[in-house]
**Student:** 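The structure under discussion is supplied below as structure tokens; questions concerning it will follow.
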Amino acid sequence: MHWKYFGVRRFACALARPGFALILMSLATRSLLAANCQVVHHPPPSEADTALLAADYAKAVTLYQAALAKSPEDADLKIGLVHALLRQHKVMEAADALQASTKAAPESSALMTMRGEVEFRQGEPWKAVKTALASYTLDGCNPRTMLLLSRLEALNSQYATARKMLIKAHQIDSDDAEIRAEWIKTLPVEQRIPEIEAYLAVPRGNSADERRDLQTDLGHLKAW
């Protein structure tokens, strides 16, 4: 889920709005100083999670929907469904699936951050940053919020801050595949090679094109 899905020029114009950089920089500093964020420990993956990790996105959507029919208030299932839809580039469907959830649970940092991710994918970073800020006020240790803010900081050319946010997110949740993939890019080459190899060794939800790109990058790094 990178900015290749959007018009970078449109983003650059949007992010040039007054105060955007200052707000993000202020938030990033406070977030990085947040004390005693506990490390996230994930439960064993469900059948739907396993399908998502295996890049069988259509099956994952079906399984998440079936599980939600039984447990409609389960935030993890809602987030899993939205991720599976985004993986299929069904951004509008993801937004529709999330809309009722965020209205029903307006104080959920996880769902709010997911809404920010959808806004990011819709090409509306000015909305995503407001959502991320609101999510941060609810939970200053949410690693997905930090990942979203890192992406927004990078779009605003605040690369050093983006890197710090990403490192913090990885410290809290090193098992999140998206966080880990972005974190790997911050490493020196000699560390990046074994990390990419380890990343590719197990299913992490990447599409065939993404895995091929990672394999190509790995080959180039080894040759270099």
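Both backbone and side-chain heavy atoms feed into the values below; hydrogens, waters and symmetry mates do not.
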**Student:** So, are Arg180 and Asp175 salt-bridged, with charged N and O less than 4.0 Å apart?
**Tutor:** no
**Student:** Under a 4.5 Å side-chain heavy-atom rule over Ile, Leu, Val, Met, Phe, Trp and Tyr, are Leu155 and Tyr159 clustered together?
**Tutor:** no
**Student:** Which distance, rounded to the nearest 0.5 Å, do you find between the CG of Asp217 and the NZ of Lys222?
**Tutor:** 12.5 Å
**Student:** Under a 4.0 Å threshold between the charged nitrogen and the carboxylate oxygen, would Glu182 count as salt-bridged to Lys185?
**Tutor:** yes
**Student:** Which atoms form the tightest heavy-atom contact between Ala60 and Ala48, and what is the distance?
**Tutor:** CB-O, 3.8 Å
**Student:** On a heavy-atom basis, which atom in Ala162 and which in Ala154 lie closest, and how many Å separate them?
**Tutor:** CB-N, 3.8 Å
**Student:** Taking atom types as modelled, find out whether Asp173 and His42 have a side-chain donor-acceptor pair closer than 3.5 angstrom.
**Tutor:** yes
**Student:** Does the pair Glu117/Arg144 count as a salt bridge with the N-to-O cut at 4.0 Å?
**Tutor:** yes
**Student:** Search all heavy atoms of Ala94 against all heavy atoms of Leu86 and return the closest pair with its distance.
**Tutor:** CB-CD2, 3.8 Å
**Student:** With a cut-off of under 6.0 Å to the ring centre and 45° to the axis, is Arg204 in cation-pi contact with Tyr199?
**Tutor:** yes
**Student:** Quick one, Pro143 and Asp176 - any side-chain contact, counting heavy atoms below 4.5 Å?
**Tutor:** no
**Student:** State the CG-OG1 distance between Asp139 and Thr113, to the nearest 0.5 angstrom.
**Tutor:** 8.0 Å
**Student:** Once rounded to the nearest 0.5 Å, what's the spacing between atom CG of Leu77 and atom NZ of Lys70?
**Tutor:** 11.0 Å
**Student:** Kindly indicate whether the side chain of Ser109, heavy atoms from C-beta on, has any atom under 4.5 Å from the side chain of Thr145.
**Tutor:** yes
**Student:** So that I can tick it off, tell me whether Glu210 and Arg87 are bridged by a salt bridge, with the cut-off set at under 4.0 angstrom between side-chain N and carboxylate O.
**Tutor:** yes
**Student:** What pair of heavy atoms forms the shortest contact from Gln38 to Ile172, and how long is it?
**Tutor:** O-CG2, 3.4 Å
**Student:** Side chains of Thr131 and Phe120: does their closest heavy-atom pair fall under 4.5 Å?
**Tutor:** no
**Student:** Got more than 12 heavy atoms from elsewhere within 6.0 Å of CD, Glu47?
**Tutor:** no
**Student:** Establish, from distance only, whether the side-chain atoms of Thr216 and Asp213 form a donor-acceptor pair under 3.5 Å.
**Tutor:** no
**Student:** Does a salt bridge link Glu119 with Lys130, judged by any charged N lying under 4.0 Å from a carboxylate O?
**Tutor:** no
**Student:** Test side chain to side chain contact (heavy atoms under 4.5 Å, CB included) on Arg163 and Glu153 and set out the steps.
**Tutor:** CA-CA 9 Å; Arg163 182 176 182 274; Glu153 288 281 19; over 6 Å; no
**Student:** Under a 4.5 Å side-chain heavy-atom rule over Ile, Leu, Val, Met, Phe, Trp and Tyr, are Val61 and Leu68 clustered together?
**Tutor:** yes
**Student:** Under 4.5 Å between any side-chain heavy atoms of Met146 and Leu166, yes or no?
**Tutor:** no
**Student:** Is there a path of hydrophobic side-chain contacts, each under 4.5 Å between heavy atoms of I/L/V/M/F/W/Y residues, joining Leu214 to Ile184?
**Tutor:** yes
**Student:** Once you round to the nearest 0.5 Å, how far does CD of Gln65 lie from CG of Leu81?
**Tutor:** 5.5 Å
**Student:** Would you call Lys78 and Glu73 a side-chain contact if the rule is heavy atoms closer than 4.5 Å?
**Tutor:** yes
**Student:** Drop me the distance from Leu218's CG to Ile193's CD1, to the nearest 0.5 angstrom.
**Tutor:** 6.5 Å
**Student:** Has Glu190 got more than 12 heavy atoms of other residues, nucleotides or ligands less than 6.0 Å from its CD?
**Tutor:** yes
**Student:** Tell me the closest heavy-atom pair linking Gln171 and Val39, and the distance in Å.
**Tutor:** O-CG2, 3.9 Å
**Student:** To the nearest 0.5 Å, what is the distance between CD1 on Ile179 and CD1 on Ile167?
**Tutor:** 13.0 Å
**Student:** Step by step, work out the side chain to side chain contact (heavy atoms under 4.5 Å, CB included) result for Ser207 and Tyr57.
**Tutor:** CA-CA 9 Å; Ser207 67; Tyr57 308 131; 3.7 Å; yes
**Student:** Using side-chain heavy atoms (C-beta onward) and a distance below 4.5 Å, is Met92 in contact with Val118?
**Tutor:** no
**Student:** For the side chain of Thr137 and the backbone of Ala134, is there at least one donor-acceptor N/O pair under 3.5 Å apart?
**Tutor:** yes
**Student:** Taking C-beta and beyond as the side chain, do Asn156 and Leu152 meet within less than 4.5 Å on heavy atoms?
**Tutor:** no
**Student:** Is there a path of hydrophobic side-chain contacts, each under 4.5 Å between heavy atoms of I, L, V, M, F, W or Y residues, that connects Leu133 with Leu147?
**Tutor:** no
**Student:** Between Tyr64 and Leu52, is there a side-chain heavy-atom distance shorter than 4.5 Å?
**Tutor:** yes
**Student:** Glu197 and Arg192: salt bridge (charged side-chain N to carboxylate O under 4.0 Å, His left out), yes or no, with the steps?
**Tutor:** CA-CA 9 Å; Glu197 290 176 332; Arg192 207 180 310 167; over 6 Å; no
**Student:** Please step through side chain to side chain contact (heavy atoms under 4.5 Å, CB included) for the pair Arg151 and Glu178, ending with a clear verdict.
**Tutor:** CA-CA 11 Å; Arg151 288 170 169 169; Glu178 290 185 67; 3.2 Å; yes
**Student:** Linking I/L/V/M/F/W/Y whenever their side-chain heavy atoms sit closer than 4.5 Å, directly or via other members, would Ile196 and Trp183 fall into one cluster?
**Tutor:** yes
**Student:** Quick one: closest heavy-atom pair of Leu149 and Ala132, and the distance?
**Tutor:** CD2-CB, 3.7 Å
**Student:** Checking the side chain of Ser108 only, and the main-chain atoms of Leu111 only, is there a donor and an acceptor separated by less than 3.5 Å?
**Tutor:** yes
**Student:** When you look at Cys37 and Lys168, which way does the side chain to side chain contact (heavy atoms under 4.5 Å, CB included) test go after all the steps?
**Tutor:** CA-CA 10 Å; Cys37 289; Lys168 181 69 173 181; 4.3 Å; yes
